[in-house]
Amino acid sequence: MNKTIILNKRPIGRPEHLDFKVLDKNIPEITKDEMLLKLKFVSEDPYLRGRMSDSESYVASFKLNEPIFSGCIAEVIASNKDSFKKGDFVFGYMDWKEYQTSEGNGLLKVDASIAPLSAYLGILGMTGLTAYFGLTEIGVPQKGETIVVSGAAGAVGSIVGQIGKILGCHVVGIAGTDEKVALLKSKFGFDDAINYNTSTNIKEDLSAVCPNGVDIYFDNVGGKISDGVYANINQFGRIIVCGSISVYNETSVPTGPRVEPFLIKKSALMQGFIVGNYVKKFPVGSKQLSEWLKDGKLTYSETIVEGFDSIPQAFIDLFDGKNKGKMIIKI
Ligand code: NAP
């Protein structure tokens with residue numbers, strides 16, 4: 001059989017199991033222009049939460065009762081196409097189905113001899129490119145500057161911090177457990193880190209570990225954590241708004257301190273982005289990330305959860321901080 005995960009209902013607030021349904025379908029036959037793909041790895045991403053709602057965004061909402069899809073790695077197990085052969089591994093946006101057909105549009109071959117297949121969903125994929133372009137294109141880090149990263153022990157955040165160190169900056173992370181704080185310093189080379197769950201005053205705790213203030217804030221979480229960072233922004237600081245997971249499950253528009261006074265007083269820049277803005281430069285970013293990885297300047301963590309049926313729970317777990325680095329399902 002061919003297990004398939006559909007969007008059963010739109011989450012209200014925090015996603016739950018009833019929002020998803022696993023169906024058993026037949027394994028499809030391929031036509032003369034198609035190949036059959038077997039799912040191997042699934043990328044779990046916080047932005048999928050937005051696609052599960054029906055509010056307008058930069059990508060279309062998932063349809064109710066239709067399969068959910070995300071970045072995946074699959075193996076070609078039968079092919080009628082000249083460009084893909086049995087045994088090839090491909091990356092692309094695929095349905096959460098054990099088996100699916102494809103004509104190959106939008107699929108990229110990936111090479112398991114260069115890097116583990118899962119890395120193409122993380123450091124060598126959209127995650128790495130998000131960290132690289134957000135930081136270098138909007139943050140434009142200068143040697144000696146201080147970078148603060150929220151969601152620092154996650155997939156994007158852990159790479160941002162390391163790039164900041166490669167570029168000669170003082171890097172401070174914000175994460176949700178003491179274990180993650182320790183990991184940021186021991187494995188990813190952050191100069192310091194704070195635990196937002198035990199901090200009683202993020203503004204003051206951050207000020208203590210950023211003696212020269214904050215020049216660049218790479219924000220993955222938004223909300224109250226960011227309120228504490230804005231108060232430390234230096235003149236001509238840059239605030240890179242990558243994600244705001246802390247408010248993705250809110251059912252009303254969250255309010256907080258207004259940002260305008262910080263921006264005006266400090267002549268600071270605040271810019272949101274989506275990684276797709278830099279699609280023309282992806283080859284440059286990919287080359288740089290691969291080189292740093294090969295030279296041992298970058299490392300990465302993955303939380304790999306096994307089994308197709310685990311896909312919904314692992315997605316929900318993103319909102320409880322269960323992952324260190326990239327959250328991936330291995331089928
Ligand atoms: P991730 O950071 O690996 O996973 C989510 C992490 O967010 C969790 O491990 C958790 O870590 C933290 N978190 C969850 N709920 C939180 C809350 N209420 N407050 C503070 N932290 C919370 O995910 P990712 O894939 O690297 O993505 C990071 C952010 O970037 C997300 O907001 C995502 O939507 C965004 N993103 C944007 C783009 C773009 O193109 N702009 C591309 C990729 C990702 P703790 O244990 O530290 O809480």
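Order of appearance sets the numbers: ligands from 1, and atoms from 1 within every ligand. Predicted model only: the values in this text are computed from it and were never measured.
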Report task. Report, in ascending order of atom number, the atoms of ligand 1 lying under 4.0 Å from any heavy atom of Ala175. Result -> 47 (O)
Query raised in the report: Against heavy atoms of Gly325, which atoms of ligand 1 measure under 4.0 Å?
Result: 3 (O)
Query raised in the report: Which word best sums up how the rings of Phe133 and Tyr278 line up, parallel for under 30°, tilted for 30 to 60°, or perpendicular for over 60°?
Result: parallel
Query - Proximal atoms of ligand 1 relative to Tyr47 (non-hydrogen, under 4.0 Å) - result: 34 (O)
Report task. Check whether the ring centres of Phe91 and Tyr93 lie less than 6.0 Å apart, and answer yes or no. Result -> yes
Report task. Look at atom 48 (O) of ligand 1 and say which protein heavy atom is nearest, naming residue and atom and giving the distance to 0.1 Å. Result -> Tyr196 OH, 2.5 Å
Query - Co-membership, hydrophobic cluster, residues Val22 and Ile329, 4.5 Å side-chain - result: yes
Query raised in the report: Can you find an N or O of Ser246 that's nearer than 3.5 Å to an N or O of ligand 1?
Result: no
Query raised in the report: Looking at Ile245, which atoms of ligand 1 are within less than 4.0 Å of one of its heavy atoms?
Result: 5 (C), 7 (O), 13 (N), 14 (C), 16 (C), 22 (C), 32 (O)
Query raised in the report: Where does Val156 meet ligand 1, judged by heavy-atom distances below 4.0 Å: at the side chain, the backbone, both, or neither?
Result: both
Query - Cation-pi check, Arg51 onto Phe62 ring (under 6.0 Å, within 45° of axis) - result: yes
Query - Donor-acceptor pair between Ser158 and Lys324 side chains, under 3.5 angstrom - result: no
Requested in this report: Locate the shortest heavy-atom distance separating Phe218 from Ala131; write the atom from each residue and the value.
Outcome: CE1-O, 4.0 Å
Query raised in the report: Of all the heavy atoms in Ile225, does at least one lie under 4.0 Å from an atom in ligand 1?
Result: yes
Query raised in the report: At under 4.0 Å between heavy atoms, which part of Ala152 makes contact with ligand 1: side chain, backbone, both or neither?
Result: neither
Query - Closest to atom 39 (C) of ligand 1 (judged by heavy-atom distance), picking from Val275, Leu184, Ile159 - result: Val275
Requested in this report: Give the residue, atom name and distance (to 0.1 Å) of the protein heavy atom nearest atom 15 (N) of ligand 1.
Outcome: Phe319 O, 3.6 Å
Query raised in the report: Out of curiosity, is Leu318 lining ligand 1, as in a heavy atom under 4.0 Å away?
Result: yes
**Report entry** Proximity to ligand 1 by part of Lys324, non-hydrogen separation under 4.0 Å
**Finding:** neither
Requested in this report: Just jot down the ligand 1 atoms closer than 4.0 angstrom to any heavy atom of Gly321, in number order.
Outcome: 8 (C), 9 (O), 10 (C), 11 (O), 46 (O)
**Report entry** Lys109 to Phe84 six-membered ring, cation-pi geometry met (6.0 Å, 45°)
**Finding:** yes
Requested in this report: Decide whether an N or O pair under 3.5 Å exists between Tyr248 and ligand 1.
Outcome: yes
Query raised in the report: Do any nitrogen or oxygen atoms of Cys242 come within less than 3.5 Å of a nitrogen or oxygen of ligand 1?
Result: yes
Query raised in the report: Can you list the ligand 1 atoms lying under 4.0 Å from a non-hydrogen atom of Phe273?
Result: 39 (C), 41 (N)
Report task. May I ask you to check if ligand 1 and Gly176 share an N or O to N or O distance below 3.5 Å? Result -> yes
Query raised in the report: What's the shortest distance from atom 25 (O) of ligand 1 to any protein heavy atom, and which residue and atom give it?
Result: Pro46 CD, 3.5 Å
Query raised in the report: If we only count N/O pairs under 3.5 Å, is Asp320 in contact with ligand 1?
Result: no
Query raised in the report: For atom 32 (O) of ligand 1, which candidate among Asn220, Ile274, Thr303 holds the nearest heavy atom?
Result: Asn220
